[in-house]
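Below you'll find the structure, written out as structure tokens, and then a few comments.
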Amino acid sequence: MEPVSMDIDTTQQLPADPLPFARSYQLEALEKALKHNTIVFLETGSGKTLIAIMLLRSYAYLLRKPSRFIAVFLVPQVVLVRQQAGAVEMHTDLKVGMYWGEMGVDFWNAATWKKEIEKHEVLVMTPQILLNGLRHSFFKLDLIKVMIVDECHHTRGKHPYASIMTEFFHCELKSGHHDLPRIFGMTASPIKSKGANSELYYWQQIRELEDIMNSKLLSPFAFGSLLQDEDDPHGTFQMHSTNIHVISHSCSKVFENCIPGTRHMIYTCVSESALAEFIPFSTPKFLFYEHMKIPDGIFASLLKELGNLRTKHEHMLEQLDLNESAAVSICNKISKVHSALMFCLEELGVWLAFQAAQFLSHCDTDGDFISGGKLDVSGETIVKNFCQDASLAISNCFSDGQECSIGDNIKAHLGAGLLTSKILCLVESLLQYRDLKEIRCIVFVERVITAIVLESLLSKLLPKHGSWKTKYIAGNNSGLQSQTRKIQNEIVEEFRKGMVNIIVATSILEEGLDVQSCNLVIRFDPSATVSSFIQSRGRARMQNSDYLLMVKRGDFSTHARLENYLASGDIMRRESLRHASIPCSPLLDELDDEFYRVEGTGAVVSLSSSVSLIYFYCSRLPSDGYFKPAPRCIIDKETMTCTLHLPKSSPVQTICVQGNIKTLKQKACLEACKKLHVSGALTDNLVPDIVMEEAVAEDVGNERYDDEQPIYLPPELVSRGPRNLKTKYYCYLIELNQNFAYDIPVHDVVLVVRTELESDVIRSMGFDLEAERGLLTVNLRYIGDIDLERVLVLLCRRFQITLFKVLLDHSVNKLKEVLEGLDLGSGAEIDYFLLPAFRSCSQPSINWAPISSVLFSYKNEEHFNCSRNGNAHVVQTKCGPVCACVLQNSLVCTPHNGNIYCITGVFEDLNGNSLLKMGDGGAITYKEYFAKRHGIQLLFNREPLLKGKHIFPVHNLLNRCRKQKEKASKNTHVELPPELCEIILSPISISTLYSYTFIPSIMHRLESLLIAVNLKKMHSDHYLQHVNIPSMKVLEAITTNKCQENFNLESLETLGDSFLKYAASQQLFKIYQNHHEGLLSFKKDKIISNAALCRRGCNHKLQGFIRNESFDPKLWIIPGGKLGSDFLSEEPLSKGRKIYIRGRRKVKSKTIADVVEALIGAYLSTGGEVTALLFMDWIGIKVDFMNTPYERHIQLQAEKFVNVRYLESLLNYSFNDPSLLVEALTHGSYMLPEIPRCYQRLEFLGDAVLDYLITLHMYKEYPGMSPGLLTDLRSASVNNDCYALSAVKVGLDRHILHASHDLHKHIVATVKKIQEFSLESTFGWESETAFPKVLGDVIESLAGAILVDSGYNKEVVFESIRPLLEPLITPETLRLQPVRELNELCQRQHFDYKKPIVSRNGRNASVTIEVEANGLIFKHTATVADKTTAKKLASKEVLKALKESNFATSTASKVE
């Protein structure tokens, strides 16, 4: 079916889709909005959102998927996103998406936005998101059918609303494009400024808004209709009381005026008084208060004391080792706190100033309220100490009890200066409403600190007069308080429900936020703008609500301004009506902005947006705790030039431009954007390249993975019919050699298979099994081939099925069912035999006698003519008479108890009449015992009893943790009456039965080896024909620790991981010579991440080869049985090869990734790097060590910056290019343009090469180590703490080029700490402080520099860097990190390890570690600068206490 085109001509009349409860004025506004771009100017609560929703319903048929079109609903605040999205979802069936900055949308790429557009029909978002999307060409204007602009009065200046219109809408309009979105603006006040007395000024402001939005103002009004609440469209419509304060009572006629030649229709009314009949306007009332200063003596005293405290704490800065910027920052913060306290003192009184000081001494001083940048611990302490001292100074003004009794005598407190007359006015005004049952009041204030301290006062004072509850809400960007948006929404919800009665709020509640239950608004501080006045007034949404305006008596300017605000609504309506015939003017000046457009995508950056883009680009460059990348702009006013310096990790570092002084910085940034795009640092969507890499990495990490994976069975053990009359088999002797004394010897077993086994497999089958009594040595050797007829094949199958079913199940319940209908199938079936052997020095052979025992029959008359020995006679068994010799060396079952026994002889002196000693010391005859215990009457009392032995259990003898011993009771003989026994096999010796208990474990090992062989062959079919990697090494690589065998993949995984990391890092370093370390790291993660490796492994079907379960003999498939042939399915491999699937199990994605790394390690350890690279190439990782060129074009005089000779002697290496040495020691904060790069790229390379070299050294140095030991050695040796310690020991800290005062302080403190420890130690985690990462980085960057300079000679790197790291950690000196050691101890001893408690106190982190051991509590809290170090120190102390209490033994050496 062909897709339906959604490109519909929207110039035709769109059908209105009204809601049934919409009022006539809303329908009329909808009619206008469908025809023309419109700004609806209506009071808060009059249903603007409902008109917007009906507009969306009318456009819905153009938006519904699979349409490519969308509608966009823009809101100015994040809190409104969910509110407006909820309204759209309630009244439409459209799919709504919600977007705001904290969702991380700044880092989304085009593909992510494409998915969102394909999924949703209406996108509700803040305007900056849409603006960014348009600039980066994630959105196109022609895709947007409707654009709703909530609170559109913000569309001025550089606001995102205005930028959207000027940069995109008007540019498209000017270009003659007509497929532009319908614009629908909503506002309660089209003017945002302070207003003016001139009506012309109002019109100019309205005209500016109309022009920029390309829309005409519409203030609709219909006689005879009632307005309704936009958030309660189904509610009751109310007529309003006549005592509303109205500025003007003149109402113009309502009229329509069609403007010739334009698309704009005007439908409006001029007077608020006319609207007042229908809209719930609050009654404005002025509250004049007499301003009374606090007593001069108190004010002068506090002014002096606070000033002295400020001076004192500023002087304390001189005692600290601070750089200039940090000192200025602290001074600014102290100054701001001082100003806030003085404001509270003058405007609010002593008590509220005290509350402010108390609050500021506990709040985060890094907030925007106390702006000036982040502080270190000492700086933060000074600011908080100032607040605490100020609090103490202010509290000295209180008489006894005044601090706690505030409000008891409010007028007395006024006289004492504790409160001001403004506060008194507020309190008395509120108390006038105390008789109201459902009071909902919002008190609007200008400052956040005012909101906080007023809440403190009202919460203390108002409960004395009633049950009112007060809370405050302030913008969450203030930094002065820690309110989240969730908390703010909860407060508003409590306000609606009456659980909160009074909210003290900043302007956050003025705009759009739904608080419709409010019936009182008090402007504690006057509105700064017309829109603020109108919107705060509109918060009083209930009938008969009041709007109280507090004004200082005599403040005629403020009074006049507020009166003007009251009249502004009518003036704005009147002016918009009077100028309705004037069409919107095209924007010209605003469109002359210079810009750069990417042709392929349409992404654009202009002069106005270039600065923010450059800052965004720099913010995504690599940084650390001592350096945050940012552009540096130097403007020379005389020459009118601007030089822009970008960080060293940028491929473009210096831009110089000339031009107009006002736009010089913008011009330089625009030029930088162009060059960054050309270099690839900005993508074709003009976003930093790392943003794209992050998005791709996230997509890779989110790929769906099915953990249900196949279990492979090697084709060597499977055959597919039909068969010939004779079938050729290969015979291999499984030699079993006891290395322990036991009265039952073992016999060899012959393995008979259809496929000839490789010599590598035969060699690998020499190993030891851990039997109960000691080691059993297993070997495999070829002894010839044999042709078996169909009859013999069936006989062999019947024998091994019978024998193994009995051994594994210890029962014959299902044996008959399994053997019935046994035949040679035509499908795939497990086809091999395990047959008893005669061991012979010359030529071992198959012992057919036990095999024939399966043919035993009671009908065989030969039993009755036995002449083997003189004791031969007929004996009655459960199923009939047999010769006594038949019972000798037979396998029998006793149906009365279901047990299985091997008969090894006869008790000639015992029969049914013999006495059996009982456990209580008594004795009864065997006949009596069986009658009493089992209800069986023995009929042949004189027949000698048989000597029976319980058959042996079958264990997993490959399990390295197996310590089980066979129970003694199972080894004793049992006396059995022959008449109770039923023969299963005869003859078969107990040695044969004992030998076969080892076979399942042996065959599991062989099966695993053959799986490894098939994996190796699959590789060899591609690139590795010449590689002779042992199959046992491949098996090691596919065996996880869960198998509990004596080998697993951990060591190979560690080795392979380090090589893969090095190979990928070197390749990326050479190919992407302009990429910074952050981008290289992301590209590396795309190659080596678990998700990427898992995907590659699955693509090559590795998941079925993995062994991730401990062998369970009960689940072992007995060869030849019907169960083994019903579920085998073929799985094709490479070049005609196939393997079989015998079931499924769960495999974690990380396990597959680990196996890929382990296979790399396996090929590396046996065939070298070339072989490992060939395997990586097969798996899909392309790395070329030989043919990737790397060029450097850096010219500098190294001796000017570092002591080259000394450093070369320290490193025992002479640089061919000394600029590499300078680069390796240059921190990002060192901004000299002569040094074009910092050490980050070399650190990226050096980190990988050191990791690989040290891991390889450990692997080769300690070849017999247990699998986990290499991982522990690597973790202890390859970490920043070890490197940092080594750097300090050799004095490299003195040669680092940096310009960070904080880094200098941290290095000095670190050096001092290290000197307190033994320099013989190489354990960085012994330190009680966190090392600066920079110290470890330079070891890695020097390794990278030597690697590049030496032509990628790794041996040279190791020879140079190893002496710096000596002494290297060995298995004998290895100590575990305290956190891990404590965790392992608790797991081993089953101690209760509580969840660590983490808290922050300013810049310090506290971590509490608690362990309960045998009822005793061991607990310690450590507090230092960072959480990781705190956890380490707390764990160390708890571990120490446990050891001192003999709850733990020292684990200084981790040798398994």
Side-chain angles (χ1 to χ4, degrees), residues 960-961 1040-1044 1048-1051 1053-1054 1057 1090 1108 1110 1148 1150-1151 1153-1154 1157 1251 1255 1258 1265-1282 1285 1321-1331 1369-1400 1405-1456:
R960 69 169 182 267
C961 302
T1040 69
N1041 190 42
K1042 285 188 176 181
C1043 293
Q1044 294 292 301
N1048 63 53
L1049 57 75
E1050 191 168 342
S1051 290
E1053 176 209 342
T1054 302
D1057 171 66
N1090 285 336
N1108 70 330
S1110 180
K1148 293 182 178 179
K1150 184 181 183 303
T1151 302
D1154 291 345
E1157 292 174 335
D1251 185 355
T1255 304
M1258 299 289 186
M1265 73 177 86
S1266 59
L1269 182 56
L1270 179 63
T1271 304
D1272 293 336
L1273 286 171
R1274 179 195 190 193
S1275 298
S1277 305
V1278 182
N1279 63 73
N1280 187 73
D1281 286 348
C1282 278
L1285 191 61
S1321 170
T1322 55
F1323 287 95
W1325 55 63
E1326 291 180 349
S1327 172
E1328 296 187 1
T1329 185
F1331 294 147
I1369 295 169
T1370 68
E1372 292 72 32
T1373 62
L1374 175 64
R1375 297 180 191 172
L1376 293 183
Q1377 208 260 13
V1379 176
R1380 179 180 167 189
E1381 185 178 355
L1382 181 60
N1383 273 319
E1384 291 187 357
L1385 172 66
C1386 291
Q1387 290 174 9
R1388 190 168 60 249
Q1389 301 290 348
H1390 304 291
F1391 295 159
D1392 185 8
Y1393 183 89
K1394 310 289 185 183
K1395 183 179 180 180
I1397 300 172
V1398 182
S1399 61
R1400 292 203 72 87
S1406 295
V1407 177
T1408 300
I1409 299 294
E1410 181 178 340
V1411 171
E1412 183 178 346
N1414 299 343
L1416 297 177
I1417 300 295
F1418 296 84
K1419 183 177 179 180
H1420 187 80
T1421 299
T1423 302
V1424 289
D1426 69 291
K1427 183 177 71 175
T1428 302
T1429 305
K1431 186 175 182 180
K1432 176 185 69 176
L1433 295 178
S1435 298
K1436 183 178 179 181
E1437 291 303 316
V1438 171
L1439 197 59
K1440 179 181 177 182
L1442 284 166
K1443 290 177 180 178
E1444 289 174 351
S1445 301
N1446 296 321
F1447 281 103
T1449 55
S1450 177
T1451 55
S1453 180
K1454 176 68 176 176
V1455 182
E1456 300 179 24

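- Of the possible polar contacts, one joining the Asn1383 side chain to the Val1379 backbone as a donor-acceptor pair under 3.5 Å is found.
- With rounding to the nearest 0.5 Å, the separation of NZ in Lys1394 from SG in Cys1386 is 11.0 Å.
- Each of Val1424, Val1438, Thr1421 was compared with Leu1433 under the side-chain contact (heavy atoms from CB on, under 4.5 Å) criterion, and only Val1424 meets it.
- Every residue two or more places apart in sequence or in another chain that forms a side-chain contact (heavy atoms from CB on, under 4.5 Å) with Asn1048 is listed here: Arg960, Asn1041, Glu1050, Pro1267.
- With hydrogens and angles left out, the side-chain atoms of Ser1275 and Asn1279 include no donor and acceptor closer than 3.5 Å.
- Applying the side chain to side chain donor-acceptor pair (under 3.5 Å) test to pairs two or more places apart or on separate chains, none has a residue in residues 1410-1419.
- Applying the 6.0 Å contact sphere to NZ of Lys1042 captures no more than 12 heavy atoms from other residues, nucleotides or ligands.
- Annotation for Ile1369 and Ala1276: closest pair CD1-O, 3.2 Å, computed over non-hydrogen atoms.
- Of all heavy-atom pairs between Phe1331 and Asn1280, the closest is O-ND2, 4.3 Å.
- Partners of Thr1370 under the side-chain contact (heavy atoms from CB on, under 4.5 Å) rule, at least two apart in sequence or in another chain, are Tyr1262, Glu1372, Thr1373.
- Residues Ser1445 and Leu1416 have side chains not in contact (no heavy-atom distance under 4.5 Å, counting atoms from C-beta outward).
- To the nearest 0.5 Å, atom OG1 of residue Thr1429 and atom NZ of residue Lys1431 are 12.0 Å apart.
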Stepwise side chain to side chain contact (heavy atoms under 4.5 Å, CB included) test for Ile1409 and Tyr1393 = CA-CA 8 Å; Ile1409 299 294; Tyr1393 183 89; 3.6 Å; yes

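- Contact between Val1398 and Lys1427 at its shortest, heavy atoms only, is CG1-CD, 3.5 Å.
- Thr1040 has its side chain out of reach of Asp1154: every pair of non-hydrogen atoms, C-beta onward, lies at least 4.5 Å apart.
- For the residue pair Leu1270 and Ser1051, the shortest heavy atom distance occurs at CD2-O, 3.4 Å.
- Contact record, Cys1043 with Asn1108: SG-N, 3.9 Å, taken as the closest heavy-atom pair.
- Between Ala1422 and Ala1430, the shortest heavy-atom distance links the atoms CB-O, 3.3 Å.
- A salt bridge links Asp1057 with Arg1274: the distance from a Lys NZ or Arg NE/NH1/NH2 to an Asp or Glu carboxylate oxygen falls below 4.0 Å.
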For the pair Glu1381 and Leu1439, evaluate side chain to side chain contact (heavy atoms under 4.5 Å, CB included) and give the outcome as yes or no after the intermediate values.
-> CA-CA 8 Å; Glu1381 185 178 355; Leu1439 197 59; 3.3 Å; yes

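- Here the CG atom belonging to Leu1382 is positioned 11.5 Å from the CD atom belonging to Glu1437, to the nearest 0.5 angstrom.
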Please step through salt bridge (charged side-chain N to carboxylate O under 4.0 Å, His left out) for the pair Glu1157 and Lys1150, ending with a clear verdict.
-> CA-CA 11 Å; Glu1157 292 174 335; Lys1150 184 181 183 303; over 6 Å; no

